Amino acid sequence: MLFKEFFKSVKEGKAPTVSKGSTIYILNEKKLNQLKKHIGMVENLNVPYRNESFCEECRDERFQLLHTFIKKNEEGDKEEATLLIKRIPKRAQPVCKQCYEEAFIVFKRVVDALPEINYSDFYATSKAAYTFNKIITGEVIESYNVLNSKVKIIETPEGVKYYDMETLNQKIRSKERQVIADIIEIMKAKGAMINEASQIIRSVCQNKGVDPIKIQRFFNDYFLKLGDLQYIIQDEALTDIFVFANGRVSLNHYDYGLIECTLCFTPVGLKSLSLAYERISGKPFSYTSPYSVFYWDDENVRISIAGYVANYTSMPELAIRKFPTSPWSILELIKRGSLNPEMAALLNLFVYSGASILIGGDKGGGKSTLMQSFLYMIPKSDRKLAILTDREIHKWFYENDFRISELRVHTGDETSAQGIPIKDAVSFMLIFGESRLTIFNEIKYIEEARPFFGTTAVAGVNSIVTTIHAGSPQGILHRLIYSFDLDPEAIRNIDFIVMALPEKDLQGNLKRMVSRVTEIQKFRRNPLEEEKLLDIAKYDKIKGEWQINLEKSNFITKIGERFGLTKKEVLKLHSDLTSFYERMYEKFINGDVDNLELAQYVELFFKEWKP
């Protein structure tokens with residue numbers, strides 16, 4: 001019976017858990033993978049048969065047998081399923097033997113894949129538990145500390161990497177758990193709010209001889225914040241956290257890409273997360289408000305949540321975008337292996353010279369991080385404009401007076417609490433006056449694409465940048481021209497497509513890289529059909545280095561025309577800027593230059609540079 005419930009739960013995409021009494025049973029990872037494989041085989045199971053006139057009766061019997069066979073597989077009854085194989089009907093015709101053998105092989109393959117699940121394949125936790133940790137066996141390939149917690153990156157024998165973090169909940173001893181339970185009971189009796197718990201905590205801890213600081217921290221993290229998730233948020237190596245409706249958690253790690261987390265949420269834990277979101281954001285999350293987005297200033301994260309009627313499971317799902325304490329400059333990206341000083345110099349040269357750039361890549365691939373690094377590449381005192389539906393610019397830039405004017409926009413037709421219509425943003429941009437750099441909202445819909453390309457038409461010699469999801473420059477143009485039905489003429493004002501995608505380095509580690517810089521060259525009607533895309537920089541996976549060739553670049557000529565330089569002088573500018581970034585990177589590694597100083601040094605470089 002337990003197998004049948006697990007089969008149904010996993011088949012429906014839910015958590016691999018079953019509740020019995022006061023206990024939740026959780027299937028281990030190895031058996032879960034076997035069960036998923038078996039479910040796939042059962043769902044695709046079909047009966048081999050011929051279409052001869054004498055096959056009809058046998059065929060009908062086989063389909064009846066198939067129905068029973070599937071039922072026994074769903075119940076985990078391997079013995080009965082094996083007996084059913086012996087009952088596969090066959091007739092005395094010459095072709096029947098081969099047909100029978102084909103059916104026998106198909107059915108037996110499914111039975112052989114049916115995992116035998118015993119009580120030892122489960123681990124149990126209290127039904128009231130919010131989370132549990134999958135037990136993963138493998139090699140610890142890296143470990144590091146985040147505040148008071150230890151993170152381990154575990155690689156299984158199959159090569160799958162997992163993120164495992166020890167949280168405060170795992171460090172709480174039984175005596176301390178009883179103290180927490182006593183405090184909650186006292187608070188219930190007094191009708192005290194969570195933010196009024198401090199005095200009760202001190203009193204109970206003093207009577208029980210327990211450290212009040214640890215208990216207070218537990219209450220802060222698990223009742224005022226996001227519980228176990230709160231510890232993961234503190235890891236600066238992470239950029240995105242995804243909590244799925246089945247309780248599973250995935251993370252975007254800067255060094256390992258998308259990685260599974262051993263932490264899982266129970267249904268009770270998911271409900272607790274949704275309540276925590278309401279408490280933190282002050283926004284409703286219910287059947288009438290089934291999705292919401294909130295920027296949490298205290299933790300410098302953006303939380304998106306959906307559930308109830310907004311998805312098919314009704315369970316809450318969260319996507320958390322983490323922003324670093326201070327925004328990464330191009331030097332940090334060099335340190336992380338995303339690019340080298342020569343590539344940094346190339347991008348800086350283009351941004352400073354007024355290039356219009358599309359940054360493409362996958363979710364969590366580093367598009368927004370790269371885009372924000374451009375803010376260090378032009379004079380701090382020059383005006384910048386941000387046209388955004390979601391908050392993408394780090395508050396650090398505002399706090400340090402980078403002169404950013406922000407337009408909050410949405411895709412509707414009327415001005416509302418969400419901002420002004422995105423279609424009106426271009427008009428407002430003109431009223432606001434000239435800006436040296438315009439950062440535009442990520443293009444997700446056609447309602448965002450058309451205003452962006454309208455903005456490029458009036459940007460003139462000033463740089464404008466946006467991001468878009470796609471796997472290649474060709475994919476970006478295909479999406480714009482054919483999916484969004486955008487006139488190719490609108491693309492004429494775009495100079496470059498920069499791809500930020502995960503690539504494996506020579507050690508086999510997945511790194512977020514600026515993998516490709518493609519110039520859109522002059523075209524007559526359609527750059528895709530005319531093959532007017534020129535790769536001027538590309539990461540060579542075999543050599544593990546970037547290859548740059550500017551000989552055929554039209555934009556190099558534009559730079560020369562703007563600043564009164566020959567092509568040779570522009571190439572020398574790029575070379576000198578590369579040397580500059582090599583010096584800056586050395587200073588950065590030694591702790592002799594910070595982000596604010598980098599912006600000042602970049603401005604000084606362009607002021608003092610001479611051919």
Side-chain angles (χ1 to χ4, degrees), residues 233 236 238-240 254 293-303 320-336 338-339 344 347-348 350-357 359 364 366-409 419 425 428-429 432-442 452 455 459 462-467 498 500 512 514 581 584 587-588 593-607:
I233 284 175
E236 292 289 342
L238 303 176
T239 61
D240 295 274
Y254 207 89
V293 179
F294 172 67
Y295 190 91
W296 191 7
D297 273 307
D298 291 350
E299 300 294 342
N300 206 25
V301 299
R302 186 182 69 230
I303 307 174
I320 301 175
R321 166 59 59 87
K322 273 178 45 59
F323 299 95
T325 306
S326 61
W328 288 357
S329 70
I330 207 80
L331 299 177
E332 182 67 39
L333 296 179
I334 295 172
K335 178 183 175 182
R336 299 275 177 171
S338 298
L339 73 176
L347 295 176
N348 198 154
F350 291 162
V351 172
Y352 190 87
S353 303
S356 293
I357 299 172
I359 302 176
K367 301 184 300 296
S368 296
T369 302
L370 179 63
M371 182 170 67
Q372 288 192 81
S373 75
F374 292 171
L375 288 166
Y376 296 101
M377 297 179 175
I378 56 177
K380 180 170 169 280
S381 58
D382 283 1
R383 186 169 174 275
K384 299 100 184 164
L385 178 64
I387 302 175
L388 306 169
T389 56
D390 293 323
R391 187 168 181 180
E392 293 284 353
I393 307 298
H394 201 293
K395 62 182 180 180
W396 182 91
F397 289 108
Y398 299 95
E399 293 168 351
N400 287 278
D401 194 23
F402 270 68
R403 307 292 171 87
I404 302 171
S405 298
E406 185 174 299
L407 288 177
R408 187 180 177 202
V409 298
F428 275 93
M429 185 184 98
F432 269 37
E434 186 175 339
S435 59
R436 184 68 182 276
L437 171 67
T438 300
I439 288 180
F440 200 87
N441 176 75
E442 177 186 351
F452 169 76
T455 307
N462 297 316
S463 192
I464 179 166
V465 185
T466 190
T467 63
V498 177
R512 294 177 178 187
V514 180
Y581 270 111
M584 285 296 104
K587 285 177 176 287
F588 178 73
V593 64
D594 60 25
N595 288 347
L596 205 54
E597 291 169 331
L598 172 64
Q600 294 165 351
Y601 280 124
V602 170
E603 182 175 359
L604 189 62
F605 170 86
F606 281 102
K607 279 183 179 179

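Note that the structure is predicted; figures quoted are calculated from it, not measured. Just so it is clear, the values below take in all heavy atoms, side chains as well, and ignore hydrogens, waters and symmetry mates.
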(request) Any chance you could measure Ile404, atom CD1, to Arg383, atom CZ, to the nearest 0.5 Å? (result) 11.0 Å

(request) State which residues pass salt bridge (Lys or Arg N to Asp or Glu O under 4.0 Å) with Asp297; sequence neighbours excluded, sorted by chain then number. (result) Arg391

(message) Would Thr325 and Asn300 count as a side chain to side chain contact (heavy atoms under 4.5 Å, CB included) here? Give the steps.
(response) CA-CA 7 Å; Thr325 306; Asn300 206 25; 5.9 Å; no

(message) Counting neighbours of NZ on Lys395 that are heavy atoms of other residues, nucleotides or ligands and sit closer than 6.0 Å, is the number greater than 12?
(response) yes

(request) Output the distance between atom CZ (Arg321) and atom OG1 (Thr239), rounded to the nearest 0.5 Å. (result) 6.0 Å

(message) When you measure from the side chain of Glu332 to the backbone of Ser329, do you find a donor-acceptor pair of N or O atoms at a distance under 3.5 Å?
(response) no

(request) Could you list the residues that satisfy salt bridge (Lys or Arg N to Asp or Glu O under 4.0 Å) with Arg403, not counting sequence neighbours? (result) Asp401

(message) Please enumerate all residues that pass ring pair (Phe, Tyr, Trp, His ring centres under 6.0 Å) together with Trp328, with sequence neighbours excluded.
(response) Tyr254

(request) Check whether the side chains of Thr369 and Arg512 place a donor and an acceptor atom closer than 3.5 Å, and report yes or no. (result) no

(message) Suppose we screen for salt bridge (Lys or Arg N to Asp or Glu O under 4.0 Å). Which residues come up paired with Glu603, at least two apart in sequence or across chains?
(response) Lys607

(message) With a 4.5 Å cut-off on side-chain heavy atoms, are Phe402 and Ile378 touching?
(response) no

(message) Would you say that Ile334 contacts Leu339 through its side chain, given a criterion of any heavy-atom pair below 4.5 Å between the two side chains?
(response) yes

(message) Tell me whether Lys384 contacts the main-chain N or O of Ile439 through its side chain, where contact means a donor paired with an acceptor under 3.5 Å.
(response) no

(message) Does Asn595 form a side chain to side chain contact (heavy atoms under 4.5 Å, CB included) with Phe397? I'd like the steps, not just the answer.
(response) CA-CA 10 Å; Asn595 288 347; Phe397 289 108; over 6 Å; no

(request) For Asp382, check side-chain hydrogen bond (donor to acceptor under 3.5 Å, both in side chains) against everything at least two apart and list the hits. (result) Arg436

(message) Could you check whether any side-chain heavy atom of Ile330 comes within less than 4.5 Å of a side-chain heavy atom of Asn348, counting everything from C-beta outward?
(response) no

(request) Examine distances only and state if a side-chain atom of Ser463 and a backbone atom of Ala355 form a donor-acceptor pair shorter than 3.5 Å. (result) yes

(message) Any side-chain to backbone donor/acceptor pair from Lys380 onto Asn400? Under 3.5 Å, distance only.
(response) yes

(request) Without swapping roles, check the side chain of Gln372 against the backbone of His394 for a donor-acceptor pair under 3.5 Å. (result) yes

(request) With the side chain counted from C-beta on, respond yes when Leu596 and Trp396 share a heavy-atom pair under 4.5 Å apart, and no when they do not. (result) yes

(message) Could you tell me if the side chain of Leu333 sits less than 4.5 Å from the side chain of Ser373, heavy atoms only?
(response) yes

(message) Suppose we screen for ring pair (Phe, Tyr, Trp, His ring centres under 6.0 Å). Which residues come up paired with Tyr295, at least two apart in sequence or across chains?
(response) Phe323

(request) Could you tell me whether the side chain of Ile464 reaches within less than 4.5 Å of the side chain of Ile357, counting heavy atoms only? (result) no

(request) Determine the sole option in Tyr376, Phe374, Phe606, Phe605 for which the ring pair (Phe, Tyr, Trp, His ring centres under 6.0 Å) test with Tyr352 is passed. (result) Phe606

(message) Keeping Lys322 on the side-chain end and Ile233 on the backbone end, is there a donor-acceptor pair under 3.5 Å?
(response) yes

